Amino acid sequence: MSVADRRAGRAPADRSAGAEGLVAVFARLKVALLRNGLRQSGGRLAAFVVSLVVVVLLAAGQVLGLVLLRGEGRDAATLVVLLTGVLALGWAVLPLFFPSGDETLDPSRLVMLPLRPRPLVRALLVASLVGIGPLFALCLLVGSVLAVAHGAAGVAVGVVAVPLALLICVALARSVATANVRLLTSRKGRDLAVLSGLVIAVGIQFVNFGAQRIGQAGGLSALEPAADVVRWLPAASAIGAVDSASVGAHGRAALQLLVSAVALGGLLWWWQAGLSKLMTAPDGSTIAAAEPSRSSRAKGDGSGPSRLGRLLPEGRTRTVMGRSLRYVLRDPKTKGAWITSLAVGLIVPVINAVQGAGSVYFACFAPALLGMQMFNQFGQDTSAFWMVAQTISTPRDAYGELRARALALAVVTVPYTLLVGALTAGLLDAWGSLTGVAGVSLALLGGMLGTGALASAFFPYSIPQEGGFKNVAPGQGGLAMLSALGGMVGSVVVAAPVIVLTVVVTVSDHGSLWLVVPVGAVYGVFVAWAGLRLAAARTAVRLPEILAAVGKG
């Protein structure tokens, strides 16, 4: 470029044009990834449409509920401020530990491209606004503003507050993800993420129980002290500004908007600094973690059957069960899912029992959560599934594979479920209902094993290994959601006969409740066997499609 051009000020304009072009490229890339992912199969398109419809219905319900709060004064302001604070907190932590799968938002994929951090931040920020999650957040923020905006000043501040709060949520999520991407992609970092995910899952349960206690203490008025603090924290301060402007406190509204604007600027600066470090600093986070495994192989660890293997049935069953149980101990993502299920399955019934407001049947959370590990069995193998697929040529082979995986899950789940049930019954002094809990739990577990096997055959999806905070490959998020929701509903429907039997016996003749145990055990085994048989037949037929779906990661 000539000196005259630079003196004329055309260089900044050219750089600005290049940045705007990068924004458009990333926006089109995001749309293309979604479109191409949906074109791969009709099932994936159906799953995405169902997920979109569910999210839109939930968002519409939230907006309607918030609009109905209009005119409730302090109660409405308290609720929307706290709701926005929880929304921002969710955007900060949930993308690290729950399905994401958006490759345009994984900055580690962009380090080899000749891109500068500042225009890259703008491009990624715009790309982040395309998706179901931002749509849900936008609806929630619009409903919050409609609930508290009164007068021209409130409406004017609301027009600014909604995009400001949404940008804060998105920038917070991406800056946190960028700052932790190196840690979460290392083996030790993923193990640390397991602990962090457990803390979050446990924290959510305590928040739930706290909300129950607040409801018993007198409604939303008990939350006003907390709301007075949260309304000065971004992004809740933007919604708090709408309420302040509506009641005539224009100075406070301007200050709250300033807090949110400064926070957005700080997040974008942090994000840009994280991108600069990621794109220039060397990555040695996995070198030290790889050496112990090499030394272990040099010592010959793992040769011959392990102590656990010698306790398992011989043949394919021993091999598959041993492999599945090793995943629980060694694979960070599998380990995280198991630890979270074990912890929450114990916390929910025990804390409810300690509060004296629970039921012994809350112990059924344990088999329900652990049974979810049966879903997407082939995706859990990641790229190694092609080796397993070489051993499956007939429905009999597929049945042996799925049966052994179900047995590995049952070996842990059955005793754990009985232990949680006994502990809950002891805390509630409801030993007479323990047999009913055991019978329902066994039937529910059998339903989870059967429907989980079917979901694995019909709705397989890939679990990427290169990203510590990605659990679903791009374009497969709706498929994963449909598999989980459909499986849970199907499991409850399958276990309904035993549930109805338990209710009838409890009401009519509580002394005969012990009959539910053998009935639930036999019924659970039967529905698990039937589901495994049906899934085996479909697996043998759909093996190429399963391989293609699993290999997306």
Side-chain angles (χ1 to χ4, degrees), residues 43 305 308-328 331 334 338 367 370-414 442-463 479 482-484 486-488 490-491 493-495 497-498 520-551:
L308 176 63
R310 287 193 289 269
L311 299 176
L312 301 177
E314 294 184 0
R316 186 186 190 113
T317 302
R318 171 186 290 180
T319 302
V320 177
M321 289 184 67
R323 183 207 320 138
S324 299
L325 294 174
R326 285 192 187 94
Y327 281 165
V328 178
D331 180 65
T334 304
W338 272 80
L370 286 171
M372 289 300 299
Q373 309 310 315
M374 187 64 189
F375 290 73
N376 195 33
Q377 278 292 309
F378 305 129
Q380 294 176 16
D381 292 346
T382 63
S383 58
F385 178 66
W386 73 270
M387 300 179 65
V388 178
Q390 305 305 311
T391 67
I392 300 176
S393 57
T394 64
R396 181 176 181 179
D397 296 334
Y399 174 72
E401 178 76 21
L402 289 169
R403 182 188 62 183
R405 293 175 184 242
L407 287 174
L409 180 60
V411 163
V412 178
T413 305
V414 171
L442 293 173
L444 181 61
L445 177 60
M448 297 292 286
L449 295 178
T451 56
L454 286 169
S456 299
F458 283 96
F459 306 110
Y461 56 90
S462 177
I463 301 178
L479 197 66
L482 182 63
S483 173
M488 287 189 291
S491 302
V493 171
V494 169
V498 177
V522 173
Y523 184 79
V525 171
F526 171 74
V527 295
W529 170 84
L532 291 171
R533 282 291 184 186
L534 292 174
R538 297 305 305 166
T539 299
V541 174
R542 301 186 71 251
L543 195 58
E545 299 177 34
I546 295 174
L547 271 169
V550 171

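All residue numbers refer to positions in the sequence shown, counting from 1. The basis for the numbers below is simple: all heavy atoms, side chains too, and nothing from hydrogens, waters or symmetry mates. As the structure is a computational prediction, the values presented were derived from the model and not from experiment.
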Please report the shortest heavy-atom distance between Ser456 and Asn376, naming the atom on each side. OG-N, 3.1 Å

Go through the side-chain N and O atoms of Thr391 and Arg316 and say whether any donor and acceptor fall under 3.5 Å apart. yes

Okay, side chain of Gln380, backbone of Met374: is any donor-acceptor separation there less than 3.5 Å? no

Does the distance from a Lys or Arg side-chain N to an Asp or Glu carboxylate O, for Arg538 and Glu545, drop under 4.0 Å? no

Does the side chain of Tyr461 reach to within under 4.5 Å of the side chain of Phe375, using non-hydrogen atoms? no

pair Leu370-Trp338: side-chain heavy atoms closer than 4.5 Å: yes

Does any part of the side chain of Met387, heavy atoms only, come nearer than 4.5 Å to the side chain of Asp381, both counted from C-beta? no

May I ask you to test the Gln373-Met448 pair for a side-chain heavy-atom distance under 4.5 Å? no

Locate the shortest heavy-atom distance separating Leu543 from Ile392; write the atom from each residue and the value. CD2-O, 3.5 Å

Which distance, rounded to the nearest 0.5 Å, do you find between the OH of Tyr327 and the CZ of Arg405? 7.0 Å

Please name the pair of heavy atoms, one in Pro395 and one in Ala540, separated by the smallest distance, quoted to 0.1 Å. N-CB, 3.7 Å

First locate atom CZ of Phe459, then atom CG of Leu454, and finally report the distance between them rounded to the nearest 0.5 Å. 9.5 Å

How long is the gap from CD1 on Ile546 to CZ on Phe385, to the nearest 0.5 Å? 5.5 Å

Nearest heavy-atom pair of Gly446 and Val527: which atoms, and what distance? C-CG2, 3.6 Å

Checking the side chain of Gln390 only, and the main-chain atoms of Trp386 only, is there a donor and an acceptor separated by less than 3.5 Å? yes

Taken to the nearest 0.5 Å, the spacing of Thr451 OG1 from Met372 CE works out to 8.5 Å

Rounded to the nearest 0.5 angstrom, the CG-CG distance for Leu444 and Leu449 is 9.5 Å

Looking at CG of Leu402 and OG1 of Thr539, how far apart are the two atoms once the value is rounded to the nearest 0.5 Å? 5.0 Å

Donor-acceptor contact below 3.5 Å, side chain Arg542 vs main chain Ala457: yes

What is the minimum heavy-atom distance between Ala495 and Tyr523, and which atoms define it? CA-CE2, 4.3 Å

Looking only at heavy atoms, which two atoms of Ala536 and Ala398 are closest? And how far apart? O-CB, 3.5 Å

